[in-house]
Amino acid sequence: MAEIEGKPGKSGAPAPSTPKTRKRLPAKGGRSRKHRVLVTGATSPLGRKLCEKLLFDKDVELVWGLSRSELPYYFKDLDPKRFVFKTCAPYNERRLAELCASEEFQAARIDTIVHLAFQVGRAATDAQIQEYNLRGTQNLLNIARETGSIRKFVFLSSAKIYDLPSGHVEALTEESPLNKDPDAPPYVKDLLEAEALCLEQMGKKKGLKVVVLRPSFVLGRNIHSFYSYYLDSPVCPRILGFNPVVNLVHSEDVVRALRLAITKDAEGVFNIPGKETKTLLEYIKWSGARTMPVPEALIEPLWQGVRLLQFNRHPFPFRSDWLKRNCVLSGARAKAELGYQPEHHVKFEEV
């Protein structure tokens with residue numbers, strides 16, 4: 001599995017290229033203007049990382065974590081004055097409305113919503129999951145619009161929504177064509193529709209900024225993604241005649257991008273690339289796995305054979321398209337407006 005390889009320098013020290021931020025001035029009445037953040041999908045791997053990082057962020061004074069799961073053990077030791085956990089799925093409109101109407105929520109004065117409660121690991125159309133994704137996004141946007149204290153809405157999307165090229169290699173910008181193929185995976189269609197809901201909200205409420213992040217393929221410990229599971233296998237079959245160029249981003253950089261989206265005065269869509277851009281074959285060799293080129297018609301049956309032999313038992317849907325498509329992102333906008341640059345390499349344990 002991909003792990004983090006720390007950047008050089010003292011732990012926690014900002015990179016030399018990180019722009020200095022203006023010191024926050026006290027608000028009226030002497031109160032600080034630190035952020036108060038609501039994170040949905042708080043028990044997901046990225047949600048957990050983000051909540052824990054925010055509690056050590058000097059610009060954040062309160063974190064609310066929402067999940068449809070019960071309070072997990074790893075949140076029980078966090079300071080209850082700075083971290084509040086609530087069991088609530090965003091698609092449950094009545095429960096969400098009750099929570100946001102409560103005295104506790106009103107007193108919290110949440111100013112930022114970070115929406116991570118979005119399911120992408122499914123192979124076929126599932127009306128219940130689609131409702132979870134889209135109704136949840138719409139409900140949260142309604143809360144952002146109707147709650148006077150909320151000033152920022154951050155949605156984590158994916159570079160998978162682009163019409164990824166399979167021949168030429170190009171750096172995709174935020175204006176590159178999107179995947180409107182009717183046969184696109186269901187979660188790609190959900191992401192496109194959810195993004196449209198977010199972008200439609202821009203400008204509707206004075207003082208509310210909407211940020212959409214599109215990270216490349218994400219790797220990291222406990223990350224549920226196609227490439228995390230594919231490259232974790234000791235056997236990685238690939239499609240004959242294809243060797244795509246792919247950018248991989250470490251989960252730590254995605255969390256850092258989310259933190260910047262919270263604290264920076266920015267709005268719009270941002271690509272979030274990682275440090276590594278290599279060919280598929282280079283990644284496979286780097287991971288220490290064995291590989292074999294096979295005709296495209298055989299790739300999925302062969303992958304099922306790999307799973308049946310228990311070389312790889314991960315349930316994440318296999319998409320042969322990802323073994324043909326190039327994914328190289330331009331991060332120029334994120335660098336200029338968020339101050340984001342990838343800092344973490346990925347590395348692999350020997351299999």
Side-chain angles (χ1 to χ4, degrees), residues 11-12 21 23-119 132 136-137 139-144 146-156 208 211 220-224 251-252 254-264:
S11 174
T21 56
K23 184 176 180 182
R24 293 184 178 273
L25 298 175
K28 291 182 179 180
R31 293 183 60 255
S32 66
R33 295 176 58 191
K34 293 182 178 181
H35 294 281
R36 293 169 162 255
V37 184
L38 172 70
V39 179
T40 71
T43 56
S44 67
L46 286 175
R48 176 183 177 181
K49 283 176 181 284
L50 179 61
C51 288
E52 292 171 346
K53 293 284 187 182
L54 289 176
L55 291 175
F56 289 95
D57 192 321
K58 62 181 178 59
D59 291 323
V60 176
E61 64 178 338
L62 179 67
V63 178
W64 273 47
L66 260 62
S67 173
R68 59 180 176 174
S69 305
E70 297 297 324
L71 176 67
Y73 72 91
Y74 48 76
F75 282 155
K76 290 183 179 179
D77 292 332
L78 300 182
D79 183 358
K81 294 181 180 178
R82 297 194 60 223
F83 181 77
V84 176
F85 182 88
K86 297 292 181 180
T87 300
C88 178
Y91 74 90
N92 188 332
E93 187 174 356
R94 185 175 64 84
R95 170 71 180 119
L96 184 64
E98 290 174 352
L99 177 65
C100 293
S102 67
E103 291 184 7
E104 185 181 14
F105 181 85
Q106 296 296 322
R109 301 184 311 281
I110 298 295
D111 61 63
T112 303
I113 294 177
V114 180
H115 183 26
L116 306 181
F118 205 93
Q119 294 191 31
Y132 178 92
T137 302
N139 289 343
L140 290 165
L141 285 167
N142 292 342
I143 294 298
E146 296 165 6
T147 304
S149 61
I150 294 177
R151 296 288 178 261
K152 180 75 69 72
F153 186 93
V154 181
F155 175 63
L156 185 66
L208 175 65
V211 177
R221 182 181 291 276
N222 298 323
I223 294 297
H224 308 297
S251 58
E252 292 286 346
V254 177
V255 170
R256 184 167 154 272
L258 287 165
R259 292 171 63 192
L260 289 168
I262 294 168
T263 58
K264 295 290 184 178

Between [X] and [Y], is there a donor-acceptor pair closer than 3.5 Å when you use the side chain of the first and the backbone of the second?
X: R33; Y: D59; value: no
X: S102; Y: F105; value: yes
X: T147; Y: A144; value: no

Using side-chain heavy atoms (C-beta onward) and a distance below 4.5 Å, is [X] in contact with [Y]?
X: R256; Y: K53; value: no
X: I262; Y: L54; value: yes
X: V39; Y: L116; value: yes
X: F153; Y: V114; value: no
X: E104; Y: V84; value: yes
X: K86; Y: L66; value: yes
X: V254; Y: L156; value: yes
X: C51; Y: F85; value: no

Between [atom1] of [X] and [atom2] of [Y], what distance do you get to the nearest 0.5 Å?
X: R151; Y: I113; atom1: CZ; atom2: CD1; result: 12.0 Å
X: L62; Y: K81; atom1: CG; atom2: NZ; result: 13.0 Å
X: T112; Y: L38; atom1: OG1; atom2: CG; result: 9.5 Å

Go through L46 and S251 one step at a time and tell me if the side chain to side chain contact (heavy atoms under 4.5 Å, CB included) criterion holds. CA-CA 7 Å; L46 286 175; S251 58; 3.8 Å; yes
Kindly check if the number of other-residue, nucleotide or ligand heavy atoms within 6.0 Å of CD (E93) is above 12?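 Counting neighbours around CD of E93, 12 or fewer heavy atoms of other residues, nucleotides or ligands fall under 6.0 Å, so no.
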More than 12 heavy atoms of other residues, nucleotides or ligands under 6.0 Å from CG of D77: yes or no?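 No.
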Ion pair E61/R36, N-O distance below 4.0 Å: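 Counted as a salt bridge, because a side-chain N and a carboxylate O are separated by less than 4.0 Å.
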Please assess L96 against L140 for the test side chain to side chain contact (heavy atoms under 4.5 Å, CB included), listing each intermediate value before the final yes or no. CA-CA 9 Å; L96 184 64; L140 290 165; 4.2 Å; yes
Under the rule for side chain to side chain contact (heavy atoms under 4.5 Å, CB included), what residues qualify as partners of L78, not counting sequence neighbours?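 By the side chain to side chain contact (heavy atoms under 4.5 Å, CB included) rule, L78 matches L55, F75, F83.
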My understanding is that only residues two or more places apart in sequence, or in another chain, count here; which of them pass ring-ring contact (aromatic ring centres under 6.0 Å, His included) with F155?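 Checked F155 against ring-ring contact (aromatic ring centres under 6.0 Å, His included); matches are H115, F118.
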Please assess K152 against H35 for the test side chain to side chain contact (heavy atoms under 4.5 Å, CB included), listing each intermediate value before the final yes or no. CA-CA 10 Å; K152 180 75 69 72; H35 294 281; over 6 Å; no
Under the side-chain contact (heavy atoms from CB on, under 4.5 Å) test against P45, which residue among L50, I223, V255 passes?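 Exactly one option meets the side-chain contact (heavy atoms from CB on, under 4.5 Å) with P45, and it is I223.
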Working note: R68 + C88, criterion side chain to side chain contact (heavy atoms under 4.5 Å, CB included); need CA distance, chi angles, decisive distance, verdict. CA-CA 5 Å; R68 59 180 176 174; C88 178; over 6 Å; no
Anything under 30° is parallel, anything over 60° is perpendicular, the rest tilted; go ahead and classify Y132 against Y91.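 Geometry flag for Y91 against Y132: tilted rings.
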